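Reading through the structure tokens given below for one structure.
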Amino acid sequence: LIPKVGSDAQGPLTQRPITILSVWYRLYSSIRFRHIVPWQDSWIDATLKGGIPGGECRDVTLQLGLEVERSHLSEVPLFGCNIDTIKCYDTQVRQIVFGAAVDLGLDAGFIDSQHRLYQSLNRAFLYGKAVGEWFVATTSFIQGCALSQVWLNISTSIWARLVRHRAAGLRTSGYVDDRSMRGESVYLLQLGLDATLEFDAATLQESHPTKTSLWTTHPSQVKHLKTV
């Protein structure tokens, strides 16, 4: 467990769990990532910018900045929500994501090799100088593994399409484990949040209550967010 960058919170639950893998596996995952990028390009949602060649966080912030600027120029309020998922990497149900990967056309044999990797991993928490008991995790993707970005993109792509289907006109963005949505009405935002709650319940995820935030470009509209 290591502290998150920029966080001064104490205790193991506020730390970031990192799995250290061999150099050989990291080399392997990097090569396989490059091999499956064309496959990922065939289905990834266009609003996702993480885990893709050339994708950067500033792609998301630039789009948001342009929409905020348009909102001020047109005097049409913009409403949005930034979603932080609790322990996103560690709460992913692999059977759901790997099943979706096969449905999207990825070779089942490759997915089977990933299943075997995770099922054979024995882990122990190292916190300071204390080492816990060995255990096998039934959920999670390895942070720092190139392939994990692809697995998270599957989950986030499904979420983005569900939200826009349920709330036509709402716009979504995603960068690995960060999700956001925005639109010109509180009603659309509420529909998007309802879809998010449904998706998270189905995939056994949960949004962080203190890190997930609602916002608007017009202070006079803040009162409407209290009803969401």
Side-chain angles (χ1 to χ4, degrees), residues 16-21 25-26 28-53 55 57 60 82-123 135-166 172-181 192-208 211-212:
R16 186 187 300 276
I18 300 294
T19 300
I20 307 299
L21 297 170
Y25 178 79
R26 284 182 288 179
Y28 165 80
S29 66
S30 178
I31 293 173
R32 289 312 303 258
F33 171 79
R34 289 196 292 271
H35 285 170
I36 66 176
V37 162
W39 166 76
Q40 179 181 242
D41 290 342
S42 70
W43 53 258
I44 191 170
D45 192 83
T47 65
L48 272 60
K49 302 302 179 183
I52 60 175
C57 186
V60 176
N82 300 327
I83 303 171
D84 183 272
T85 305
I86 297 176
K87 303 295 182 186
C88 183
Y89 280 86
D90 304 298
T91 57
Q92 297 293 320
V93 179
R94 294 190 293 269
Q95 290 85 344
I96 294 176
V97 178
F98 286 160
V102 173
D103 289 341
L104 288 168
L106 193 58
D107 182 68
F110 173 56
I111 289 298
D112 185 58
S113 71
Q114 284 285 288
H115 268 302
R116 293 197 303 272
L117 165 72
Y118 281 98
Q119 289 170 354
S120 64
L121 281 179
N122 289 315
R123 302 176 178 180
F135 67 94
V136 175
T138 57
T139 61
S140 79
F141 290 118
I142 301 167
Q143 295 195 47
C145 173
L147 292 171
S148 295
Q149 314 307 310
V150 179
W151 309 143
L152 281 183
N153 278 341
I154 291 176
S155 179
T156 308
S157 288
I158 297 172
W159 164 81
R161 288 183 169 91
L162 174 64
V163 166
R164 296 198 304 272
H165 175 73
R166 295 288 180 81
T172 59
S173 293
Y175 192 85
V176 190
D177 57 340
D178 291 319
R179 300 176 288 174
S180 64
M181 64 183 86
L193 288 171
D194 290 343
T196 299
L197 288 174
E198 180 181 339
F199 176 83
D200 286 354
T203 56
L204 303 182
Q205 299 182 72
E206 186 178 356
S207 299
H208 200 296
K211 294 182 180 180
T212 296

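These figures come from a predicted structure and were not determined experimentally.
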Is a side-chain donor or acceptor of S157 paired with a backbone partner of I154 at a separation under 3.5 angstrom? no
Judged by atom type as modelled, is there a donor-acceptor pair below 3.5 Å linking the side chain of T139 to the main-chain atoms of D90? yes
Steps toward side-chain contact (heavy atoms from CB on, under 4.5 Å) verdict (F199, V163): CA-CA 9 Å; F199 176 83; V163 166; over 6 Å; no
What distance separates [X] [atom1] from [Y] [atom2], expressed to the nearest 0.5 Å?
X: S113; Y: D107; atom1: OG; atom2: CG; value: 8.5 Å
X: I111; Y: L106; atom1: CD1; atom2: CG; value: 4.5 Å
X: S155; Y: I96; atom1: OG; atom2: CD1; value: 8.5 Å
X: L152; Y: F141; atom1: CG; atom2: CZ; value: 7.0 Å
X: D177; Y: Q92; atom1: CG; atom2: CD; value: 9.0 Å

Would L21 and I142 count as a side-chain contact (heavy atoms from CB on, under 4.5 Å) here? Give the steps. CA-CA 9 Å; L21 297 170; I142 301 167; 3.7 Å; yes
Do the rings of [X] and [Y] sit parallel, tilted or perpendicular, given the 30° and 60° boundaries?
X: Y118; Y: F98; result: tilted
X: Y28; Y: Y25; result: tilted
X: F110; Y: W151; result: tilted

Using side-chain contact (heavy atoms from CB on, under 4.5 Å), reason through E206 and T85 one step at a time and then give a plain yes or no. CA-CA 6 Å; E206 186 178 356; T85 305; over 6 Å; no
Return the minimal non-hydrogen interatomic distance between [X] and [Y], and the atom names on each side.
X: I158; Y: A100; answer: CD1-CB, 4.3 Å
X: S140; Y: R123; answer: OG-NH1, 3.1 Å
X: C88; Y: Q205; answer: SG-OE1, 4.2 Å
X: V176; Y: G51; answer: CG2-N, 4.4 Å

Could you tell me whether the side chain of [Y] reaches within less than 4.5 Å of the side chain of [X], counting heavy atoms only?
X: Q149; Y: I52; value: no
X: R166; Y: E198; value: yes
X: T156; Y: Y175; value: no
X: S148; Y: Q143; value: no

Might you work through the side-chain contact (heavy atoms from CB on, under 4.5 Å) test for I86 and K211, ending with a clear yes or no? CA-CA 9 Å; I86 297 176; K211 294 182 180 180; over 6 Å; no
Is a salt bridge present between D200 and R179, judged by a nitrogen-to-oxygen distance below 4.0 Å? yes
Walk me through it: do S30 and R26 pass the test side-chain hydrogen bond (donor to acceptor under 3.5 Å, both in side chains)? CA-CA 6 Å; S30 178; R26 284 182 288 179; over 6 Å; no
If the test is side-chain hydrogen bond (donor to acceptor under 3.5 Å, both in side chains), which one of D45, T196, T172, T203 qualifies with W159? T196
